[in-house]
Undergrad: 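Let me give you the structure first, and then I'll get to my questions.
Just so you know, these numbers come straight off a predicted model, no measurement behind them. Numbering starts at 1 and runs along the sequence shown.
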Amino acid sequence: MEGKLSSVAKNFTPSSIQELSQLAQKCNAINLAEGFPDFPAPPCIKEAAVSAINNDFNQYRRVQGICDQLALTMKKTHGLNVNPLTDIAICCGQSEAFAAAIFSIINQGDEVLLFDPCYETYEGCITLAGGIPVYVALEPPQWTLDPEKLMRSFTSRTKAIVLNSPHNPTGKVFSRDELEIIAEGCRRWDCVAITDEVYEYITYDNQKHETIAKLPGMQERTIITSSLSKTFSVTGWRIGWAIAPASAASAIQNIHIRITDSAPAPFQEAALTALRSPIEYFETLRGEYELKRDFCMKLLGSIGFRIQFKPQGSLFLFSELPKDCLLSDVEYVEELIKQAGVVVVPGRGFFHGNESCNYQKRYIRVAFCKSGAILNAAAQKFGELINAKACPKILY
């Protein structure tokens, strides 16, 4: 069968993040690699899912109430007028919403701008659609956007730009000034902005997430994708959506139906309970994650990691290896698994630009969306290494 595989299938490699998570399971290691919470979802939404199953909401279904609630939220939070009947497509998680958005607008040879480093899924979707990823490097250590570099990246073939804010892996929240620059490029070159806003409620230090769709001339050229997964600790439910102008939303919905037909029906019902959560829920969520972020920053800082950028949002800490550490990111991760039984992600998997940049091999990503018990266990493992000096090349 190998000879029958498509060229796309042959060129796709396994996800390094999922491979590391599988390795963590096999080795019984502490998994700080994959960005899924290991603690329970809110009881009220679990009860809503159980109730939906018991009430036989188990067949193909599209819950219009999700669209109605999202439209209300977009108006209240961002001042956007969204028609719940025409402008929202319910999908199987943000990943499918993003893929369907790409498939709905990208033709063979179209260029799509991506900020580097970036989440690995984006490139795969663009490639499947026949598009060409074009990377615009964010400048370390603050991951700043160079306006001139961005504008030089637009060409007559540029069809879209992907914007993930809060950003995976760095934790950057794009500022209003940066959004204005990106919007100016979209308007000037008549491009679509496709956003990934799954961490929209997870921001720190009084940072606020803003969608680029609220800027002048942008709602009509923006496709917003998001989901329940991160905000409500239900990454396995696969309930996501795309919010877009009616023509794009219709195309995305049609692609979704051809591929998967329906998002999980009982979890759609439970989504209504989640989306109607009181403001106190989101405030508590931010506060708890901010404590976890600070705990991990202190932990990594204590063993020599250089943390020059404090995450402003998301669930990740993107940290530079200790200055005197001679290992690459991949070598470091391998040694950490062997010596401490802790799994993190080497940073180079998020970089796609100029490989001659040495910094691309000097970062690891740590997911801190874990229970206090798991984070404390990881801290203990690191402490044992320090006390025993079991592996100096990891620590110094």
Side-chain angles (χ1 to χ4, degrees), residues 36-37 40-78 80-104 194-202 211 213 219 222-282 285:
F36 65 84
C44 63
I45 69 170
K46 291 194 293 185
E47 291 164 6
V50 171
S51 176
I53 292 170
N54 289 334
N55 284 290
D56 293 321
F57 293 116
N58 299 310
Q59 311 308 324
Y60 300 135
R61 191 170 182 82
R62 182 178 188 274
V63 178
Q64 179 60 37
I66 294 176
C67 303
D68 297 337
Q69 187 61 44
L70 287 171
L72 289 172
T73 300
M74 294 305 291
K75 180 65 175 178
K76 181 178 180 181
T77 305
H78 301 293
L80 294 176
N81 292 314
V82 173
N83 187 329
L85 298 176
T86 62
D87 298 352
I88 302 176
I90 302 172
C91 299
C92 295
Q94 183 276 334
S95 294
E96 193 205 25
F98 179 87
I102 290 291
F103 298 155
S104 71
I194 304 176
T195 72
D196 175 353
E197 303 184 20
V198 293
Y199 304 107
E200 57 195 309
Y201 292 107
I202 305 174
T211 181
Q219 185 174 2
T222 299
I223 300 173
I224 299 169
T225 67
S226 193
S227 77
L228 290 184
S229 294
K230 310 299 184 177
T231 305
F232 297 99
S233 303
V234 287
T235 59
W237 282 19
R238 314 317 299 145
I239 302 297
W241 50 83
I243 302 173
S247 56
S250 176
I252 291 167
Q253 189 69 32
N254 288 337
I255 292 169
H256 157 72
I257 290 170
R258 297 297 192 280
I259 296 173
T260 57
D261 201 294
S262 171
F267 299 143
Q268 286 191 64
E269 292 290 335
L272 286 174
T273 299
L275 292 172
R276 292 168 179 161
S277 296
I279 191 171
E280 290 78 14
Y281 171 79
F282 302 101
L285 181 77

Undergrad: Apply side-chain hydrogen bond (donor to acceptor under 3.5 Å, both in side chains) to Ser104 and list each qualifying residue two or more places apart in sequence or on a separate chain.
TA: none
Undergrad: First locate atom CG of Leu80, then atom CD of Gln219, and finally report the distance between them rounded to the nearest 0.5 Å.
TA: 4.5 Å
Undergrad: Could you list the residues that satisfy side chain to side chain contact (heavy atoms under 4.5 Å, CB included) with Thr86, not counting sequence neighbours?
TA: Asn83, Ala246
Undergrad: side-chain hydrogen bond (donor to acceptor under 3.5 Å, both in side chains) with Lys75: which residues, sequence neighbours excluded?
TA: Asn81
Undergrad: For Trp241, give me all partners under ring pair (Phe, Tyr, Trp, His ring centres under 6.0 Å), at least two apart in sequence or on another chain.
TA: none
Undergrad: Using a 3.5 Å cut-off and no angle test, enumerate the donor-acceptor pairs between side-chain atoms of residues 62-72 and protein atoms at least two apart in sequence or in another chain.
TA:
residue: Arg62; atom: NH1; partner: Gln64; partner atom: OE1; Å: 2.9
residue: Arg62; atom: NH2; partner: Ile88; partner atom: O; Å: 2.8
residue: Gln64; atom: NE2; partner: Asp68; partner atom: OD1; Å: 3.2
residue: Gln64; atom: NE2; partner: Pro84; partner atom: O; Å: 2.9

Undergrad: Under 3.5 Å, side-chain donor or acceptor atoms of residues 90-97 against the rest of the protein: list the pairs with distances, not counting sequence neighbours.
TA:
residue: Gln94; atom: NE2; partner: Thr225; partner atom: OG1; Å: 2.9
residue: Glu96; atom: OE1; partner: Cys92; partner atom: N; Å: 2.6
residue: Glu96; atom: OE1; partner: His256; partner atom: ND1; Å: 2.9
residue: Glu96; atom: OE2; partner: His256; partner atom: ND1; Å: 3.2
residue: Glu96; atom: OE2; partner: Thr260; partner atom: OG1; Å: 2.9

Undergrad: By the salt bridge (Lys or Arg N to Asp or Glu O under 4.0 Å) test, which pairs, at least two apart or in different chains, include something from residues 237-261?
TA: none
Undergrad: Among pairs that include at least one residue of residues 265-279, which meet side-chain hydrogen bond (donor to acceptor under 3.5 Å, both in side chains), considering only residues two or more places apart or in two chains?
TA: Arg61-Glu269
Undergrad: With sequence neighbours left out, write down each residue that passes side chain to side chain contact (heavy atoms under 4.5 Å, CB included) with Asn55, or none if nothing qualifies.
TA: Ser51, Phe57
Undergrad: Test of understanding: with side-chain hydrogen bond (donor to acceptor under 3.5 Å, both in side chains), list the residues that count as partners of Asp87, not counting sequence neighbours.
TA: none
Undergrad: Just jot down the side chain to side chain contact (heavy atoms under 4.5 Å, CB included) partners of Thr231, sequence neighbours excluded, or say none.
TA: Tyr201, Tyr281, Phe282, Leu285
Undergrad: If the condition is side-chain hydrogen bond (donor to acceptor under 3.5 Å, both in side chains), which residues does Thr222 pass it with, not counting sequence neighbours?
TA: none
